[in-house]
Amino acid sequence: MVDVPVTIDTTPALILKDPVMLSYSISSARRNRVLNEQDDKEPPLKKLAILEERDEDKYEYQTVLKCLFCGGVEIPSDQDAQTKSLADAVMHSMSSARQSEVKAWEEELTACEHTLMIDQSMSKPIEPSGLAHCGKCDLKENLWLCFTCGNLGCGRSQYSGVGGNGHGLTHFEESRHPVSVKLGTITAEGTADVYCYACDNERIDPDLVAHLSSFGINIHNRKKTEKSVTELQIEHNLNFDFSLTGEDGKALEPLYGPGLTGLANLGNRQAICYMASVLQTLFALPAFQQRYLPTGAMHALLCTEPLPASCLECQLDKVADGLLSGRYSHPRGHPDPSVFTHSPSQDAAGNTSPDFQEGLKPTMFKALVSKGHEEFSTMRQQDSEEFFQHILKCIRQHAKKTGMNEEDQPTRVFRFGMEQRLQCGDCRKVRYRVDSQDSLSVPVPAKEKPAPTPKQGADAPKIEYEPVLLAQCLEISTGVEALEYHCPSCSKAVIAQKRSRFATFPDVLAIHAKKFQLVNWVPQKLGQNGEPEYIPIILPSDDILVLDEFFGKGKQEGEVELPEDAAAASSAPQFNEVALGQLQAMGFGVHACQRALLATGNADADAATNWLFMHMEDLDLNNPIVTAPASGKVGPEPSPEQIANLTDMGFTPAQARKALKETGGDPERAVEWLFSHPDETGEDAAPAGGVPPASSAAHPGGSPSLPAKYRLKAFISHKGPSVHSGHYVVHIRHEKEGWVLFNDEKVAKADAENINALKPLAYLYIFERI
């Protein structure tokens, strides 16, 4: 086998700003390393490990230093001691990828009240024969031992092929014994999978050894024989693969070139398909291409951040260059763009296989945008729609911090206004407001198909759902809804009617299909027995969507406006009555709902729901909001340190003071309040509730012009039982190639069968206005 050197630019520029500026390129030539065979005497692995094949293990490196200012002239490494020292420091520093790998596994499971207070008064030693199979069936693996009574039941079936009939769950439902341990995961080191059915979550048991010994199980004699729940989840996320074969059974054609670069999962098996699908979608839009691709080189020279890894602008410029330049879009093992080929290669056995890319790893980008975020900073799979909202928020926060005009940011293309109309059912008076949004979440009605009668002894048939038109989802989302409301004109509780319409239309419309239901506050796809079934959404045959019929026209002649509640307006925040009613209907307390609406700019129920899920552990969540007289301050005077922390983020002292007063001195809520009130100047004359009056509100974005005609640009599809597991891919309409499938690092031309099969099952649709 011939070793082919591969040149990789590991550091585009090394700059010393003072007293002299130097610019170098450090390139590494790598050759295959001869690997040592495993010694037969080496002890076997004691624990199932999930390992990554690292470049350091596969290649030997030779470093070359070149001067960019001199046209790439090579500099001998021993000529300048300072230069050599700097180059060595760069090459031996801990990379962002390695730092991300180290932090990825820092999440720890916790105990709960049920694992801390296990009642074992009914426990007694169990003979080894009693641990051989499930007590209600013959399964001999995936067995869970009840810590209370010693019942042995099989777990639920897993996507990895692990069988299970759910008898462990059945035992909990019958006995209410909450905690069980998976026998095959018990190790001599004192670890095991412990699950609390009452919490419906994996836990740890601080007294695992003692609890097992009560059943006669000596943990020191145990050997791990099965994969843990975490290992199964990681394997499940990584093994999900959408079809890469066409209608004729042939492999899909790989694509290379500008705008056709894949994104690979990060080191240590961090699944980022949720992020990759969103990034591919955003940088397929002209607004993002024009904003970040041409400005990258200039920003690199002018950036004031000490490290590019801490600058969002640098990272977005780098992502744009990586995805759009085409320099990194080539077959695996062929870095020269001149060898681009669309033909599949053959392996040693003569089987044809597509020659896909290695893909870029956006490690620094993920580390920066997920920093401090409870969910995105982990290695777990996440919701692509939530990340879509998160990255838009990050871009706007960065623009605010650096003093840039938000109207110059590409996020403006998603902004539009939704008109909310509320009418009292008794006095017929109305109230209008316009909320600014970035996406439209539409409910998807679930109508089950008639199920055939199962044969005796056969499993129950799977649930199947009737297809639904996208137009029907839009009609439901913008239709009339009845809700309870305290009318300030009637001074009593009434039934009011709420209706949503488009006040303006965005340049790019993101439609989020809500095909899930909340199960124990976790969004689960509709289905049964852990196997999700999808509700097909039927789009127009030409992918053209016209929204003229959903346009709101504002207050009409003859309509009388509802009066403001003077007492409430003078002393308490004003809340979106419609959103407040929706949140309370979900089971949240009124004070928690009010806090969520206040923290999210009083916009809508979706944003408030997300805030509530992130603040469920707040001790004051259900405490009443303390109000003040109209002429007084909403909260106590903030400390100079609190104000300084916010001014460091780019806000004025007046804005920081106002936000801290409005949120009771909570810095985190103050930041959320500031970004949900971009036009707030901090003047004391603003309303006590912190909600700007309609006349002074910022423009919601978008345009009211008609016709509102859109064409489908992209759709993100999901496969798996929950939006937080499984796998995401995206299909994007490319100018030259037509529909293109982006499946992590795999970029391929999508055929009609692939498109027609996945389009109805998409999770997020992106439409461009035409």
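Start at 1 with the first residue, then count along the sequence. Any value given below was found using the heavy atoms of this structure, including those in side chains, with hydrogens, waters and symmetry copies removed.
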- Item | Residues Asp426, Arg428: salt bridge by 4.0 Å N-O rule | no
- Query: Are Glu407 and Arg412 close enough for a salt bridge, meaning some N to O gap below 4.0 Å?
  - Reply: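 Looking at Glu407 and Arg412, the cut-off is not met.
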- From CA spacing to verdict: side-chain contact (heavy atoms from CB on, under 4.5 Å), Leu282, Ile391: CA-CA 10 Å; Leu282 293 180; Ile391 186 59; 3.9 Å; yes
Measure the spacing between [atom1] of [X] and [atom2] of [Y] and express it to the nearest 0.5 Å.
| X | Y | atom1 | atom2 | value |
| --- | --- | --- | --- | --- |
| His486 | Lys492 | NE2 | NZ | 10.5 Å |
| Lys393 | Asp438 | NZ | CG | 12.0 Å |
| Gln397 | Leu312 | CD | CG | 9.5 Å |
| Cys424 | Gln497 | SG | CD | 10.0 Å |
| Phe388 | Ser439 | CZ | OG | 6.0 Å |
| Asp435 | Met418 | CG | CE | 9.0 Å |

Between [Y] and [X], do the side chains contain a donor N or O and an acceptor N or O under 3.5 Å apart?
| X | Y | value |
| --- | --- | --- |
| Tyr195 | Asn201 | no |
| Ser500 | Glu419 | no |
| Lys429 | Ser489 | yes |
| Arg415 | Ser436 | yes |

Closest non-hydrogen atom pair, [X] against [Y]:
| X | Y | answer |
| --- | --- | --- |
| Arg431 | Pro488 | NH2-CG, 3.8 Å |
| Pro700 | Thr504 | CG-OG1, 4.3 Å |
| Leu422 | Leu562 | O-CD1, 4.3 Å |
| Pro506 | Tyr710 | O-OH, 2.6 Å |
| Ser384 | Ile716 | OG-CG2, 3.9 Å |
| Leu597 | Ala579 | CD2-CB, 3.7 Å |

- side-chain contact (heavy atoms from CB on, under 4.5 Å) between Arg499 and Arg501: does it pass, once the steps are laid out? CA-CA 7 Å; Arg499 188 193 66 191; Arg501 284 285 193 271; 3.8 Å; yes
- Centres of the Tyr274 and Tyr728 rings: under 6.0 Å? no
- Validate the cation-pi geometry between Arg769 and Phe767: distance from NZ or CZ to the six-membered ring centre under 6.0 Å, angle to the ring axis within 45°. no
- Apply the test side-chain contact (heavy atoms from CB on, under 4.5 Å) to residues Arg203 and Cys199: give CA-CA distance (whole Å), side-chain angles for both, the deciding distance (0.1 Å), then the verdict. CA-CA 9 Å; Arg203 298 296 186 187; Cys199 299; 3.6 Å; yes
- Task: Please work out whether the ring planes of Phe387 and His390 are parallel, tilted or perpendicular, with thresholds of 30° and 60°.
- Result: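 The rings of Phe387 and His390 sit tilted, inter-plane angle from 30° to 60°.
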- Message: In terms of relative ring orientation, are Phe715 and Tyr765 parallel, tilted or perpendicular, with 30° and 60° separating the classes?
- Response: tilted
- Query: Taking the side chain as C-beta and beyond, is there a heavy-atom pair between Tyr432 and Val430 under 4.5 Å?
  - Reply: yes
- Verify, without hydrogens or angle tests, whether His398 (side chain) and Cys394 (backbone) share a donor-acceptor contact under 3.5 angstrom.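 A pair under 3.5 Å: no.
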- Please lay out, stage by stage, how Tyr763 and Glu385 fare under the test side-chain contact (heavy atoms from CB on, under 4.5 Å). CA-CA 8 Å; Tyr763 179 60; Glu385 195 273 337; 3.8 Å; yes
- Message: Taking atom CD as the centre, does Glu475 end up with more than 12 heavy-atom neighbours from other residues, nucleotides or ligands that are less than 6.0 angstrom away?
- Response: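 Enclosed.
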- Message: Heavy-atom count check: over 12 atoms from other residues, nucleotides or ligands less than 6.0 Å from Lys449 NZ?
- Response: yes
